[in-house]
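First the structure, in the form of structure tokens, and then the observations on it.
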Amino acid sequence: EMQRILREMELNAIFPAERTGLLKKFENGWRLNSSPGKNVRIIIGRLENGFVLPAQRLVILADQEIMPARRKKRKWTTAKDRGHLREFQEIKIGDLIVHEQHGIGRYMGIRTMEVNEVTRDYLYIKYAGEDKLFLPVEQIDVLQRYIGGEGRQPRVSSLGGQEWARVKSRVKASVQDLARELLSLYAAREAVRGYAFSADHAWQHDFEERFPYEETPDQLRAIQEVKNDMERNRPMDRLLCGDVGYGKTEVALRAAFKAVLDGKQVAFLVPTTILAQQHYENFVERFEGFPLQVELLSRFRSAQEQKKVIRGLKAGVADVVVGTHRLLSKDVSFKDLGLLIIDEEHRFGVRHKERLKMLRQDVDVLSMTATPIPRTLHMALSGTRDLSVIDTPPENRYPIQTYVVEYSPGLIREAIQRELNRGGQVYFIYNRIQTIEKWANRLQELLPGANIVVAHGQMHEQKLAEVMHKFLRREYDILLSTTIVEAGLDIPNVNTMVICDADHFGLAQLYQLRGRVGRSNRLAYCYLTYRKDKVMTEDAVKRLQAIKEFTDLGSGFKIALRDLEIRGAGNLLGPEQHGSMMAVGYELYCRLLEQTIESMKGQPKTAPPQKTDVKIDLKINAYLPSSYIPNQQQKIELYRRIATLENKEELQDMVVELKDRFGKLQSPVENLLLVMRLRQLAREKNVESIEQQKGETQLRFIQGNDFESENLWQLINKHRRNLSVLAGKTVVFKIRNFRGTDKQYLKYLIQILEELI
């Protein structure tokens, strides 16, 4: 392309030079002279697009206009645990919690108590009636916060009763049925033979290089997983989960391009006509310059246009078709369908799902959803569902500033005017069609200079399509609409949203609506308004508070644990599982499902015995004193984090953090961290329990544990004054107590385990 441009400027004589050498000269701003009066100077700079200055007879060309763009690779920081489950599973006083053995209780705070001359922190849990449980904080990982549906409260259990056992038994039976069904579906899918797509073509790399943004690590992993599935000779059935605006569409685009390069057709099924139009335009833009034909099939197209598209699909002329449920009509057939992409499958009706089943029998299927699938469900379903999760926010994406406010014309005018002043547009959500025109007049009086347009579901389709297109082309400033914008609209220029009567919406709907803004590198604002002097229900207040709290990027995962989690699981597992999840809480349900699936898959006999948690009972003060960390919420968070530390390095990081945040470690805090190190080693060395009795501490190993005999004799000889070994069905180390501090004794126990092979 550069050669052609320079040839037109009579400068082709320079091109025998090597390209690399030429570019070095370009970087130095080399002036090229080929004939009198003809000069070109190429300078490295930063321009998005070129331009022409006719008066100066000057043409400026940006690099991406004459050669394929190469994006700078960004270094992403990767963390082992991004904290979706850790940071917001915090327990507050009054919260319902679930203990696997004792059932559902109410957390009442931390109590520091002295028992048998040992001071420790205990979690105080209140059960039905006067029943109370004091749980040592080191066992905090046996508790989960109760997660149920919005506004629903379960029954609190009684300690020692049979009711919780019956509830668990009923849920286990339900889970077994589900696990059996999932495993049989998975086995059937594995047995079917499908089309194995070829490895990536050179055009695939060119196409992917045109993506104007930097892919996130999650995106790259999801893309690779999808490609690997496509290249296998069994039909793909992968579910792609990702928060709003996290780049699921790009994964779908690359999969579609790969399929078309192998001569197969692609169908992209979406739930609404507006969304179909937007995806169609996106496909056309991304596929520009490649010999691929993209078509749209929805009610926005005339009957004649629809017939033409259907003929093209049948003849194999159309490579990709984007459409609504119109794609599932009986008159639509494909010459050679290879890939079916479904956006938000749960939004299609029963009749459509039956047609989908017929379509997907022997083609690759990629389903996409913005309903968060948190890690617990992901783990539970591993081995039964192919899941890809995108949970890293894109580059330069900011949290949406969310405000819960009483409706005030002055405040709303100021908020909207601020957006219009920076060249942006506004969504104004008002969910009553009968009076929406009156609100349009009110808004016009409030903002006389703004162009306002109304949109709602009862408008004629052509009119609605026209309105949306004009708003997308920035012919209007404010879109006053019902919740129809909830369905995945992507207009980066809209970065302020006002929601009227937000207390009437469900949490999931508020979250989905808010996800329509903040889809660019601009700071976005969302105003959740309620009527003046309105007395809201307790549930409405909680919903608005939750949506306000969860403004961080990826907060769909956080909201999931309040409401969407049950809904998302319902979409994935079926509505019949809803009651079971509610009965025991989401976390325990997922754990039971995971255990059931593992047992049904059958573990090989050679598998090592499953490691259980180590029982440690030492007469040592090991806790976080209130004089060191006064805030109970911080203590709970730290106890949970300390309980999940897995190795010495993580423990050392925790020591550094505690010193930095709270100062020099107090003696009980040092002891707590040493006990945690002892627990880590005990798990590694297959220790069952560590118990301190009169004059000695016993380390009891799991039955069937193997020791290296030479190492064991060396250990006994080295520590013979303090260590003796009993060998029966299980091996027991007896370690004599010696004079010294608790810290010294814990370090001695740690030393013995570190030396043991």
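Because the structure is a prediction, the values reported are computed rather than measured. For the single chain, residues carry numbers from 1 onward in sequence order.
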For this session: Take L387 and C241, measure what side chain to side chain contact (heavy atoms under 4.5 Å, CB included) needs, and give me the verdict at the end.
Result: CA-CA 7 Å; L387 286 170; C241 312; 4.2 Å; yes
Problem set entry | Verdict with reasoning, L340 to L366, per side chain to side chain contact (heavy atoms under 4.5 Å, CB included) | CA-CA 6 Å; L340 173 63; L366 176 64; over 6 Å; no
Problem set entry | Criterion side chain to side chain contact (heavy atoms under 4.5 Å, CB included) on H279 and L275, from CA distance to verdict | CA-CA 6 Å; H279 276 307; L275 198 54; 3.8 Å; yes
Problem set entry | Trace of the side chain to side chain contact (heavy atoms under 4.5 Å, CB included) decision for L313 with V332 | CA-CA 8 Å; L313 290 173; V332 178; 4.0 Å; yes
For this session: Step by step, work out the side chain to side chain donor-acceptor pair (under 3.5 Å) result for Q417 and N421.
Result: CA-CA 6 Å; Q417 196 61 56; N421 288 346; 3.1 Å; yes
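N495 places no side-chain N or O within 3.5 Å of a backbone atom of V517 that could act as its donor or acceptor partner. At distances below 3.5 Å, not a single donor-acceptor pair connects side-chain atoms of Q219 with backbone N or O atoms of V251. At least one donor-acceptor pair under 3.5 Å links the side chain of D477 to the backbone N or O of N451. Without hydrogens or angle criteria, K248 side chain to G242 main chain gives a donor-acceptor distance under 3.5 Å. No side-chain donor-acceptor contact under 3.5 Å links R418 to the backbone of R413. A distance-only check finds no donor-acceptor pair linking the side chain of Q401 to the backbone of C526 [under 3.5 Å]. At distances below 3.5 Å, at least one donor-acceptor pair connects side-chain atoms of Q306 with backbone N or O atoms of S298. Counting only distance, with no hydrogens or angles, the side chain of R326 and the backbone of T273 share no donor-acceptor pair below 3.5 Å.
A side-chain donor from one of N493 and Q425 sits under 3.5 Å from a side-chain acceptor of the other. At a cut-off of 3.5 Å, with distance as the only test, no side-chain donor of T435 or R432 sits close to an acceptor on the other residue. Donor-acceptor pairing under 3.5 Å is recorded for the side chains of R514 and T402. Using a 3.5 Å distance cut-off with no hydrogens or angles, the side chains of E445 and N441 do not pair a donor with an acceptor.
Side-chain contact between Q277 and H469 is present, with heavy atoms from C-beta onward closer than 4.5 Å. At a threshold of 4.5 Å between non-hydrogen side-chain atoms, the residues Y403 and L528 do not count as touching. Within the 4.5 Å cutoff, the side chain of T529 has no heavy atoms near those of the I499 side chain. Looking at V266 and I341, their side chains come closer than 4.5 Å, going by heavy atoms from C-beta outward. Counting heavy atoms from C-beta outward, T482 and I436 have side chains that approach closer than 4.5 Å. Between L240 and T369, the closest side-chain pair of non-hydrogen atoms is not below 4.5 Å. Annotation: side chain of L296 is not in contact with side chain of V321 (no heavy-atom distance under 4.5 Å). Side-chain contact between I478 and Y427 is absent, with no heavy-atom pair separated by less than 4.5 Å.
Using a 30° and 60° split on the angle between ring planes, F207 and F290 fall in the perpendicular class, above 60°. Using cut-offs of 30° and 60° for the angle between ring planes, the F211 and Y213 rings count as perpendicular.
Atoms CG and CD1, on L446 and I412 in that order, are 8.5 Å from each other to the nearest 0.5 Å. For the atom pair NE2 (H456) and CD1 (I433), the distance works out to 5.5 Å, reported to the nearest 0.5 Å. Note that CG of L523 is 9.5 Å distant from CD of E419, once rounded to the nearest 0.5 Å. Rounding to the nearest 0.5 angstrom, the gap separating the CD1 atom in I416 from the CE atom in M497 is 12.0 Å. Interatomic distance, OG1 of T496 versus CG of L420, reported as 8.0 Å (0.5 Å rounding). Distance CG/D501 to CD1/I429: 12.5 Å, rounded to 0.5 Å.
The pair D331-K307 does not meet the salt-bridge criterion, since no charged nitrogen lies less than 4.0 angstrom from a carboxylate oxygen. For the pair R286 and E250, the salt-bridge criterion is met [side-chain N within less than 4.0 Å of a carboxylate O]. A salt bridge links E215 with R254: the closest approach of a Lys/Arg side-chain nitrogen to an acidic carboxylate oxygen falls below 4.0 angstrom.
The ring of F283 has its center closer than 6.0 angstrom to the ring center of F268.
Looking at residues two or more places apart in sequence or on another chain, you find no salt bridge (charged side-chain N to carboxylate O under 4.0 Å, His left out) involving E295. For E466, the salt bridge (charged side-chain N to carboxylate O under 4.0 Å, His left out) criterion is met by K470, not counting sequence neighbours.
For Q444 against A450, the heavy-atom pair with the smallest separation is NE2-O, 2.8 Å. In terms of heavy-atom proximity, L479 sits nearest to A455 at CD1-CB, 3.8 Å. The minimum heavy-atom distance between T324 and A276, with the atom names listed, is CG2-CB, 4.0 Å. The two residues I452 and A440 come nearest to each other via the heavy atoms CD1-O, 4.3 Å. Considering all non-hydrogen atoms of both residues, I400 and G518 come closest at CG1-CA, 4.3 Å. Taking each heavy atom of A222 and S388 in turn, the nearest pair found is CB-CB, 4.0 Å.
Other residues, nucleotides and ligands contribute at most 12 non-hydrogen atoms within 6.0 Å of the CZ atom of R474. By the neighbour-count criterion of 12 heavy atoms within 6.0 Å, atom CH2 of W439 is densely surrounded, having more than that number from other residues, nucleotides or ligands.
Stacking of R301 on the aromatic ring of Y280 is recorded, both the 6.0 Å distance cut-off and the 45° axial limit being met.
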